[in-house]
4 protein chains.
Amino acid sequence: MQIKKEIIREKLLEAGEREFFERGFTNSSVRKIAGLAGTTLGNFYNYFKNKEDLFKEIVKEEIIKFDDFFNGHKDEFNTDWMKVEMEPVAFCRAIDGYSDQLRAVFTRKFYIWVACSEGTEYSNSRKVVLEFIKEHFIGHVMEVGTKIPALDNTAGMLANGFLDGILYILKNQSEEAGINYLIKSHMLFFLMGSIGLIEGYSEGVAYD
Amino acid sequence: MQIKKEIIREKLLEAGEREFFERGFTNSSVRKIAGLAGTTLGNFYNYFKNKEDLFKEIVKEEIIKFDDFFNGHKDEFNTDWMKVEMEPVAFCRAIDGYSDQLRAVFTRKFYIWVACSEGTEYSNSRKVVLEFIKEHFIGHVMEVGTKIPALDNTAGMLANGFLDGILYILKNQSEEAGINYLIKSHMLFFLMGSIGLIEGYSEGVAYD
Amino acid sequence: MQIKKEIIREKLLEAGEREFFERGFTNSSVRKIAGLAGTTLGNFYNYFKNKEDLFKEIVKEEIIKFDDFFNGHKDEFNTDWMKVEMEPVAFCRAIDGYSDQLRAVFTRKFYIWVACSEGTEYSNSRKVVLEFIKEHFIGHVMEVGTKIPALDNTAGMLANGFLDGILYILKNQSEEAGINYLIKSHMLFFLMGSIGLIEGYSEGVAYD
Amino acid sequence: MQIKKEIIREKLLEAGEREFFERGFTNSSVRKIAGLAGTTLGNFYNYFKNKEDLFKEIVKEEIIKFDDFFNGHKDEFNTDWMKVEMEPVAFCRAIDGYSDQLRAVFTRKFYIWVACSEGTEYSNSRKVVLEFIKEHFIGHVMEVGTKIPALDNTAGMLANGFLDGILYILKNQSEEAGINYLIKSHMLFFLMGSIGLIEGYSEGVAYD
DNA sequence: AATGAATGAGGGTTCATTCAT
DNA sequence: AATGAATGAACCCTCATTCAT
């Protein structure tokens with residue numbers, strides 16, 4: 001009995017993942033998820049309290065991972081590299097060394113948590129993540145010491161750009177090689193863009 | 001009666017804009033929109049044929065504007081500048097001259113059209129816009145002559161980043177000055193990121 | 001003012017007639033009727049108490065005419081002919097002499113009253129008319145003295161056949177000549193069918 | 001559960017049949033049908049995809065039967081008799097041999113299909129059936145070789161009369177014996193009427 | 001008299017959740 | 001544990017009728 005139950009539970013989790021990923025929380029149907037998992041609507045509720053409970057189960061480890069990653073709770077997640085290389089090729093090499101842990105954080109479930117959570121109590125997830133990224137970005141800029149006008153706003157926008165790039169890749173790329181490549185490209189792009197922006201401001205691009 | 005009618009119609013358009021902007025087309029409720037506009041559900045249908053009709057009314061001029069802009073149908077929309085300046089400060093100055101027309105295209109309603117249209121016949125709007133941007137981007141890169149591996153994939157990602165940046169600003173910024181400033185920043189960032197990316201690749205950042 | 005009012009009223013009556021005839025009472029829309037009459041929804045209610053009131057106005061004279069006709073209230077309606085000729089050609093000639101009064105009763109509005117009244121208080125009109133016809137038919141048969149098993153049932157069916165034929169003609173034929181011709185054919189058919197039926201029964205066609 | 005489910009489904013089919021029969025498709029309410037079946041609106045949709053689906057389920061076998069009957073697809077349906085007897089008593093005897101198959105086609109559900117389908121995809125059913133009957137009728141007349149002026153119009157009217165008679169019986173008669181008797185009467189009446197009409201015309205009843 | 005805005009009841013349909021078996 | 005029937009709230013939409021101007 002126990003064994004059987006785990007199989008069903010696993011299938012429900014997978015089906016939910018697929019549906020939430022494809023359609024978002026609100027537009028997913030419990031009936032369909034149960035069907036995809038090879039079980040029935042009613043039985044769904046033997047495994048999960050409700051639709052949102054399934055969502056949380058799918059996503060809960062990602063939240064912890066994300067938290068660990070961005071707050072450096074665990075040694076495996078070390079974000080020092082972010083602060084180092086400002087020269088393109090070197091940066092890319094540096095990234096290569098971290099691609100594993102990037103991939104550990106930026107997963108399909110991460111996507112679901114951030115981009116498919118409208119209608120759940122995590123509907124603010126995007127904001128939370130953006131805040132994290134923004135703070136990091138501001139931290140870097142402060143270290144470098146450059147003055148950017150309306151730093152908070154700008155940092156918010158950049159954080160958003162960073163996140164959207166990641167989400168785009170997770171949504172649209174399914175091969176592992178492609179994902180790694182695009183993440184690398186994205187980060188390089190992002191670094192260069194940021195540096196360029198800082199330079200631009202330092203040379204007088206005004207708020208108005 | 002004429003006057004009163006226009007007021008209600010206006011309020012419905014505003015309420016619709018607010019709801020679509022906040023919740024998207026599908027998750028908006030006609031009842032709620034009518035309520036926000038200070039009228040009743042039934043009366044809504046004296047002003048608009050149906051929910052989608054309201055959406056179209058809100059958005060229809062934006063589509064025309066976008067088309068004019070990206071296809072250069074009108075003299076007022078001239079995109080030559082995009083191809084010119086590759087140096088940060090000069091680029092920013094160039095943009096300044098175009099900020100009006102950028103703002104004319106990138107409006108709150110543009111956001112609704114592109115980001116809130118799921119469930120309407122415009123549900124492909126994002127794809128359409130992305131395709132436009134991607135083609136422009138590829139055009140530029142071809143001119144410059146650099147080889148980017150997996151150009152189509154990369155261009156797709158960059159186009160997405162460009163668009164998301166714009167959408168982010170429209171979603172999160174309400175003051176006019178802030179919007180202009182962030183659009184400028186975003187474009188500068190984007191230019192520099194692209195240049196950096198191209199350089200990075202030319203210096204050997206491989207697909208794998 | 002009075003003049004103008006009459007014109008509108010007339011147009012509403014015409015439009016109602018057209019709509020009821022085409023779509024029936026229930027499926028007709030007051031808005032559309034008003035529109036067809038060249039006026040507005042609201043104004044409709046200055047001329048008629050409600051949708052059903054319009055229906056009654058359209059149809060009320062037909063009811064009286066029908067009553068007069070079948071009960072011989074007026075000299076102009078004389079149904080003696082029905083009882084006379086049992087030989088086809090003679091019958092047809094006899095009918096020719098009455099076609100005017102038949103046409104006076106079997107009008108487009110008669111059709112509306114009988115076939116389009118569902119949803120009004122005249123929804124039993126068909127039954128009423130059928131009852132009339134049935135009684136007449138039974139009267140004739142009694143005179144002739146033949147025994148038809150289950151006379152009431154049979155008479156009901158025949159009455160229905162008679163009525164449906166009339167209604168069919170009114171619905172599908174618009175030229176005056178065609179209508180007259182078909183009415184004549186229908187009545188001849190009906191007479192011969194009835195005679196045949198009576199004969200058939202007299203020769204032993206049993207109830208079972 | 002299986003058993004119970006079948007009961008409800010059956011009740012819904014019965015309630016639907018009753019309502020469609022009484023009120024027609026358009027004027028029937030799913031809410032009411034569900035209520036009559038002793039269940040709730042929502043539950044209706046556990047049994048049928050939608051209102052029209054219920055209609056189709058009620059009616060689908062009738063359509064096949066009708067097609068088989070009129071096209072002679074199956075040996076059980078043999079319409080040769082229609083062409084044989086022109087003498088009342090013989091005709092009645094001949095019909096007696098076919099009353100079973102007539103009853104198999106002309107059912108309460110046939111009535112629903114033909115007379116209550118407005119609003120469904122079968123809204124043309126009446127036309128379809130009339131066309132069949134008309135062609136058969138014209139076929140007979142051609143065989144006999146008589147000339148009827150305006151044959152198509154007349155045949156249309158007669159076909160309509162034939163069909164309406166059947167529909168009348170199905171609508172108003174509920175006992176089996178009564179139905180059989182009336183169908184027989186109706187067909188006899190119809191035969192004699194047709195013969196009489198042909199004779200009448202041959203003797204000079206003109207179009208005008 | 002005329003307008004058409006406003007109302008409210010009712011239509012069909014979907015779906016998360018509960019419940020009986 | 002498993003089934004899927006049952007519920008009820010919410011969805012979009014239509015329309016006869018009333019009301020204010």
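This is a predicted model, so every value here is computed, not measured. Convention: sequence-line order gives letters A, B, ...; per-chain numbering from 1.
The side chain to side chain donor-acceptor pair (under 3.5 Å) search around B:Ser28 returns none, not counting sequence neighbours. Under the side chain to side chain donor-acceptor pair (under 3.5 Å) criterion, D:Lys171 pairs with no residue at all, not counting sequence neighbours. C:Leu170 meets the side chain to side chain contact (heavy atoms under 4.5 Å, CB included) test with C:Arg103, C:Phe106, C:Phe110, C:Tyr111, C:Ile166; sequence neighbours excluded. Under the rule for a side chain to side chain donor-acceptor pair (under 3.5 Å), the partners of C:Thr107 that lie at least two apart in sequence or sit in another chain are C:Glu62. Shown here are the side chain to side chain contact (heavy atoms under 4.5 Å, CB included) partners of C:Asn43, two or more places apart in sequence or in another chain: C:Ile8, C:Thr39, C:Thr40, C:Asn46, C:Tyr47. Residues forming a side chain to side chain contact (heavy atoms under 4.5 Å, CB included) with D:Leu36 (at least two apart in sequence, or on another chain): D:Ala15, D:Arg18, D:Glu19, D:Lys32. Partners of C:Lys60 according to the side chain to side chain donor-acceptor pair (under 3.5 Å) rule, which considers only residues two or more places apart in sequence or in another chain, are C:Glu57.
Rounded to an integer number of Å, the gap from B:Asn50 CG to F:dC15 P is 13 Å. The separation between B:Ile7 atom CD1 and F:dT21 atom P is 13 Å, rounded to whole Å. If you measure from atom CG of A:Asp53 to atom C1' of E:dA16, you get 14 Å, rounded to the nearest angstrom. Going from atom CG of B:Leu12 over to atom P of F:dC13 covers 14 Å, rounded to whole Å. Rounded to an integer number of Å, the gap from D:Glu52 CD to E:dG11 P is 18 Å. The nearest whole Å value for the distance from the CG atom in A:Leu54 to the P atom in E:dC15 is 17 Å. Rounded to whole angstrom, the span from the NZ atom of C:Lys51 across to the P atom of F:dT18 amounts to 14 Å. We find that CZ of C:Phe48 is positioned 18 Å from C1' of F:dT18, with the value rounded to whole Å.
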Listed pairs under 3.5 Å, donor-acceptor, residues 112-120 of chain A side chains, sequence neighbours left out:
from	atom 1	to	atom 2	distance (Å)
A:Ser117	OG	A:Trp113	O	2.9
A:Ser117	OG	A:Tyr122	O	3.0
A:Ser117	OG	A:Ser125	OG	3.1
A:Glu118	OE2	B:Asn27	ND2	3.4
A:Thr120	OG1	A:Ser117	O	2.8
A:Thr120	OG1	A:Tyr122	N	2.9

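Note on residues 44-55 of chain B: no pairs pass salt bridge (charged side-chain N to carboxylate O under 4.0 Å, His left out), not counting sequence neighbours.
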Watson-Crick and G-U pairing of DNA chain F written in dot-bracket, each distance under 3.5 angstrom, with | for inter-strand partners: .||||||||||||||||||||

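Residues from residues 30-45 of chain A with heavy atoms under 4.0 angstrom of DNA chain F, sorted by number: A:Thr39, A:Thr40, A:Leu41, A:Gly42, A:Asn43. DNA chain E is contacted by no residue of residues 113-122 of chain B, taking any non-hydrogen atom closer than 4.0 Å.
Both D:Asn46 and C:Lys49 lie close to DNA chain F; mapped to their nearest nucleotides by heavy-atom distance, the more 5′-ward contact belongs to D:Asn46. Position along DNA chain E of the nearest nucleotide to A:Asn27 versus D:Ser28 favours D:Ser28 as the more 5'-ward residue.
Counting heavy-atom neighbours within 6.0 Å of C:Lys56 NZ, excluding the residue itself, gives a total above 12.
Residue C:Ile33 comes nearest to C:Leu12 through the heavy atom pair CG2-O, 4.0 Å, listed as atom of the first residue, atom of the second, then distance.
Look at A:Tyr47 and you won't find any side-chain N or O under 4.0 angstrom from OP1 or OP2 of F:dA1.
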